[in-house]
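Reading through the structure tokens given below for one structure.
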Number of protein chains: 2
Amino acid sequence: MELLHLNKAFTLIEPGPVVLVSTYDGRKNNVMTISWTMVTDFTPTFALTTGPWNSSFRALCETRECVIALPTVDMIDTVVGVGTCSGADTDKFAKFGLTPMPGRQVRAPLIRECLANIECKVIDLIGQHNIVVLQGVAAWIDPARAERRTLHAVGDGTFVVDGERIDRAQAMRAKLPDLD
Amino acid sequence: MELLHLNKAFTLIEPGPVVLVSTYDGRKNNVMTISWTMVTDFTPTFALTTGPWNSSFRALCETRECVIALPTVDMIDTVVGVGTCSGADTDKFAKFGLTPMPGRQVRAPLIRECLANIECKVIDLIGQHNIVVLQGVAAWIDPARAERRTLHAVGDGTFVVDGERIDRAQAMRAKLPDLD
């Protein structure tokens with residue numbers, strides 16, 4: 001993993017990929033699959049929706065830290081597997097062959113197998129809507145990875161894979177943040 | 001457009017497509033391009049991030065209504081065009097050849113050219129984070145439309161088009177809501 005400039009980190013989440021979110025509760029690592037995320041500003045901040053039905057939720061609230069990791073299409077069965085078992089009775093890193101790596105700003109682990117990782121601190125919990133607001137504090141990307149296509153959960157058990165990419169940067173120039 | 005059962009409406013937004021959001025301020029229709037959205041529950045509720053920098057924002061706050069419309073890849077220049085001009089000085093429906101259609105529950109217009117439309121009521125405004133929480137109250141889909149691939153904004157001026165679809169419904173069965 002190489003550091004990615006923080007001002008580019010929102011471009012990992014803006015396309016709406018399913019993500020893995022890791023936590024560390026002081027004793028063990030855990031990871032959950034999350035599809036309900038959005039960017040909330042370019043600094044970057046993010047929102048995700050989760051709640052006490054996820055066993056990672058307590059660690060997220062108590063440590064106020066997590067890592068958003070970006071799996072690719074070759075990891076689909078990890079994404080599904082992580083999302084259909086519980087950290088309450090399973091070491092998901094061991095079960096799915098995920099390799100925890102230390103970050104710089106948070107104690108929640110990066111996931112080596114993922115395309116990218118964003119270290120985050122919880123800046124707000126909006127309990128009424130189960131929305132967690134996160135500040136990205138460091139970002140990492142694996143420049144050597146061949147497979148870079150992410151997955152989009154539909155919610156009916158199917159996933160859409162990234163297809164072709166269309167460039168409209170010229171037309172949008174006035175509205176784009178400076179990513180240099 | 002045909003009515004789509006509301007319990008399926010979240011599957012339109014969960015994959016993270018760029019959307020058009022229409023409003024009606026009592027005098028005129030307006031529409032904005034939004035990429036920062038997420039599902040917040042299956043009923044369905046949604047969150048989106050916007051603020052006073054969008055000229056639709058006042059209508060959204062005052063009428064507490066909007067329609068989330070789902071454009072497809074053939075509409076990319078409409079998506080970019082709507083996102084790079086302002087309703088303050090432009091009739092965007094006229095400029096981009098969009099056809100407003102009446103919904104059932106809200107006065108904001110459906111967009112005929114889109115694949116799907118979700119009528120929404122604003123249920124909360126979280127000003128500190130520019131998050132608007134919406135309750136979907138009716139949903140529509142065009143079953144006759146040939147092009148059904150949506151777009152995912154990356155945020156750097158490029159867009160990723162929906163590619164192949166992978167089915168993992170069997171493995172996820174225990175976690176899926178009842179969509180019948």
Side-chain angles (χ1 to χ4, degrees), chain A residues 8 10-18 33 35-42 45-49 73 76-77 79-81 83-84 123-124 126 128-131 133 149-177 179, chain B residues 8 10-18 33 35-42 45-49 73 76-77 79-81 83-84 123-124 126 128-131 133 149-177 179:
Chain A
K8 295 185 179 172
F10 82 95
T11 66
L12 301 169
I13 303 304
E14 178 149 339
V18 64
T33 297
S35 187
W36 296 357
T37 70
M38 68 176 170
V39 179
T40 48
D41 74 27
F42 296 114
T45 57
F46 307 100
L48 59 81
T49 301
V73 58
I76 187 167
D77 291 313
V79 167
V80 170
T84 51
I123 55 173
D124 207 356
I126 304 167
Q128 186 188 351
H129 302 294
N130 298 306
I131 292 173
V133 184
R149 292 175 299 159
T150 65
L151 291 161
H152 303 267
V154 176
D156 61 356
T158 67
F159 294 81
V160 174
V161 183
D162 286 348
E164 63 173 314
R165 190 181 285 235
I166 302 176
D167 190 340
R168 287 294 183 276
Q170 186 68 23
M172 292 182 66
R173 198 171 38 184
K175 297 282 281 191
L176 296 175
L179 296 181
Chain B
K8 294 185 179 171
F10 82 95
T11 66
L12 300 169
I13 303 304
E14 177 148 340
V18 64
T33 297
S35 186
W36 296 356
T37 70
M38 67 176 171
V39 180
T40 48
D41 74 27
F42 295 114
T45 57
F46 307 100
L48 60 81
T49 302
V73 58
I76 187 167
D77 291 314
V79 167
V80 170
T84 51
I123 54 174
D124 207 356
I126 303 167
Q128 187 188 350
H129 303 293
N130 298 306
I131 293 173
V133 185
R149 293 175 299 159
T150 65
L151 291 161
H152 304 267
V154 176
D156 61 356
T158 68
F159 294 81
V160 174
V161 183
D162 286 348
E164 63 173 312
R165 190 180 284 235
I166 301 176
D167 189 341
R168 287 293 184 277
Q170 185 69 22
M172 292 182 66
R173 200 170 38 186
K175 296 282 281 190
L176 296 175
L179 296 181

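Lettering of chains follows the sequences in order, A, B, ..., and the numbering in each one begins at 1. Predicted model, so just to flag it, every value in this text is computed and none were measured.
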What residues, two or more places apart in sequence or in another chain, satisfy side chain to side chain donor-acceptor pair (under 3.5 Å) together with A/Thr45? A/Thr40, A/Asp41
One should read off an interatomic distance between B/His129 NE2 and A/Phe46 CZ, to the nearest 0.5 angstrom, of 14.5 Å
Side chain from CB out, backbone as N, CA, C, O: work out which of these in A/Arg149 comes under 4.5 Å of a heavy atom of chain B, or both, or neither. side chain
All side chain to side chain contact (heavy atoms under 4.5 Å, CB included) counterparts of B/Thr37, not counting sequence neighbours: B/Ile13, B/Val19, B/Ile34, B/Leu48
Non-hydrogen atoms of A/Met38 and B/Trp36 that approach each other most closely: SD-O, 3.4 Å
Sort out for me which of A/Ile131, A/Asp167, A/Thr49, A/Asn130 touches chain B most, counting heavy-atom pairs under 4.5 Å. A/Thr49
OG1 of B/Thr11 to CG of A/Asp156: how many Å apart, nearest 0.5 Å? 6.0 Å
Options B/Ala169, B/Gly83, B/Pro17, ranked by heavy-atom pairs under 4.5 Å with chain A, top entry: B/Ala169
Among the options B/Ile123, B/Leu12, B/Val133, B/Leu179, pick out the one with the most heavy-atom pairs lying under 4.5 Å from chain A. B/Val133
How long is the gap from CZ on B/Arg165 to OG1 on A/Thr158, to the nearest 0.5 Å? 4.0 Å
Closest-packed option against chain A by number of heavy-atom pairs under 4.5 Å, given B/Ala47, B/Ala174, B/Gly81, B/Pro177: B/Ala47
Rounded to the nearest 0.5 Å, what separates atom CG in B/Asp162 from atom CD in A/Glu164? 10.5 Å
For A/Gln128, which atoms come within 4.5 Å of any heavy atom of chain B: side chain, backbone, both, or neither? side chain
Could you have a look at B/Val161, B/Leu151, B/Val80, B/Val79 and say which one has the most heavy-atom pairs with chain A under 4.5 angstrom? B/Val161
B/Ile126 side, atom CD1; A/Asp124 side, atom CG - distance, nearest 0.5 Å: 8.5 Å
So NE2 of A/His152 and CD1 of B/Ile166: to nearest 0.5 Å the spacing works out to 11.5 Å
Given the options A/Val160, A/Leu176, A/Val154, which has more heavy-atom pairs under 4.5 Å with chain B than any of the others? A/Val154
Tell me which of these, B/Val39, B/Val73, B/Thr84, has more heavy-atom pairs under 4.5 Å with chain A than the rest. B/Val39
Is the shortest heavy-atom distance from the side chain of B/Arg168 to the side chain of A/Asp77 under 4.5 Å? yes
